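Bear in mind that the values here come from a model prediction, so they are computed numbers and not experimental data. Note that these values count all heavy atoms, side chains included, but never hydrogens, waters or copies made by symmetry. Positions are given from 1, in the same order as the sequence printed here.
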Amino acid sequence: MGKRKQLQHNQLMSGNQLCCRRHEEMEVTEEGRRQVEEQVEQLLAGQGSEVSCCDVGLDQSKPATLRKNVTYIVCGVIFNDKVKEEAGFDCEPITLLLIQEQGPQWIRFIFLARVTGGNIKSLSAADQESLQAFWWDRQSVLPLRGRDILRLIDCGLKYHQDPWHPVTLPVDLSCRHVLQRLVLVFTNSDEQIWILLIKAPGLHLPTAAAVKTHAVTWAANMVVQEAMPSAYYDHDVNTLGVFSLQHNGRQHGKTDGVCLNTLVALVPDRVQRNEDGEKVEYTPTGQPPPVENPRYVWLEVRKPTLREKLLEKTKNTSILPLHSLY
């Protein structure tokens with residue numbers, strides 16, 4: 001495509017996008033806007049929200065059933081007055097430090113915790129869950145079956161000394177599948193920010209099921225692929241972290257799932273190509289890519305306090321990290 005034709009094409013697309021944005025804004029009622037903004041503020045505050053439906057990927061997912069198709073690992077990092085780590089006491093969780101995942105079938109939740117009672121296990125009392133419980137001075141040789149625990153200890157020490165995200169503990173709300181609920185945002189250079197929503201039933205944040213063959217965070221990619229397939233390969237879909245985690249687990253096979261309420265940023269790829277595969281200069285439009293699926297709509301955040309909070313979260317790492325180990 002020649003430069004002149006490309007320019008005309010870009011101008012036409014800009015006009016179409018502007019028209020599309022106006023049409024989208026007309027579809028969103030003030031009541032709908034208020035409800036969405038309230039829900040996002042709840043999640044930002046570490047709270048949860050009932051999972052009433054799954055919008056994407058349900059046909060590729062099975063209900064989570066512990067010891068059958070999902071394994072949750074709970075790891076506690078505990079420090080005493082001399083800053084030494086141990087395992088084996090009764091403890092109280094202070095906050096989640098980190099979530100690690102290898103798809104919906106293996107998820108590890110790492111907590112910072114404090115001792116509330118009990119006694120350290122002796123070798124004679126050791127079991128499969130705690131073969132050798134003892135205090136470690138972080139200097140002596142440490143016999144371990146897996147060295148990855150050292151990274152978790154360092155993570156706990158870092159947070160213990162200088163917390164970098166709000167206290168985050170699981171919210172007692174039931175969920176049947178392993179899900180990712182998305183606060184999926186697009187920002188421009190003028191610090192305008194939009195959230196991607198699904199229109200029915202009622203305006204709401206997209207919820208997508210994790211699929212066995214991919215990382216849990218792949219759910220966000222599925223949403224973007226469905227909403228705007230033409231723009232998908234020109235953007236990065238980045239799950240920045242977790243606002244809150246929802247789990248109940250009281251009914252085996254029915255509430256064994258988790259819902260991760262996540263912040264996801266849709267970021268333009270600076271290296272783009274035309275239909276012939278040739279690199280073209282990236283020209284920002286100042287607008288999110290147009291949705292092509294009528295199920296979806298972009299909503300510009302107008303509430304100043306919410307806008308500022310979301311912008312702050314997208315610019316730094318003050319949010320519970322979610323690491324894919326694939």
Are H204 and D55 close enough, and set up right, to give a side chain to side chain donor-acceptor pair (under 3.5 Å), and what steps lead you there?
-> CA-CA 10 Å; H204 65 278; D55 303 295; 2.9 Å; yes
Decide whether E92 and T116 meet the rule of one side-chain donor and one side-chain acceptor closer than 3.5 Å.
-> no
Return all side-chain donor-acceptor pairs below 3.5 angstrom for residues 41-54, not counting sequence neighbours, or 'none' if the list is empty.
from	atom 1	to	atom 2	distance (Å)
E41	OE1	K303	NZ	3.2
E41	OE2	K303	NZ	3.0
S49	OG	Q39	NE2	3.1

Is it the case that more than 12 heavy atoms not belonging to K199 sit under 6.0 Å from its NZ atom?
-> yes
By salt bridge (Lys or Arg N to Asp or Glu O under 4.0 Å), which residues pair with R108, not counting sequence neighbours?
-> D148
Just wondering, do I110 and V77 contact through their side chains at under 4.5 Å, heavy atoms?
-> yes
Would you say the side-chain atoms of R181 and Q246 include a donor-acceptor pair closer than 3.5 Å?
-> yes
Please table the atom pairs, donor to acceptor, closer than 3.5 Å between any side-chain atom in residues 162-173 and protein atoms at least two apart or in another chain.
from	atom 1	to	atom 2	distance (Å)
H165	NE2	L96	O	3.4
T168	OG1	P166	O	2.9
D172	OD1	N248	ND2	2.9
D172	OD1	R250	NH1	3.2
D172	OD2	R250	NH1	3.3
D172	OD2	R250	NH2	2.7

Contacts of K212 that satisfy salt bridge (Lys or Arg N to Asp or Glu O under 4.0 Å) - sequence neighbours left out | none
Does the side chain of V56 reach to within under 4.5 Å of the side chain of T207, using non-hydrogen atoms?
-> no
Are N238 and L240 side-chain neighbours, meaning at least one heavy-atom pair lies under 4.5 Å?
-> yes
Side-chain donor-acceptor contacts of residues 58-70 below 3.5 Å, not counting sequence neighbours, with atom names and distances?
from	atom 1	to	atom 2	distance (Å)
S61	OG	H177	ND1	3.0
N69	OD1	T65	N	2.7
N69	ND2	P63	O	3.0

For residues 220-231, tabulate all N or O donor-acceptor pairs below 3.5 Å that involve a side-chain atom, not counting sequence neighbours.
from	atom 1	to	atom 2	distance (Å)
N221	ND2	Y232	OH	3.0
E226	OE2	R295	NH1	2.6
E226	OE2	Y296	OH	2.6
S230	OG	E292	OE1	2.9
S230	OG	E292	OE2	3.3

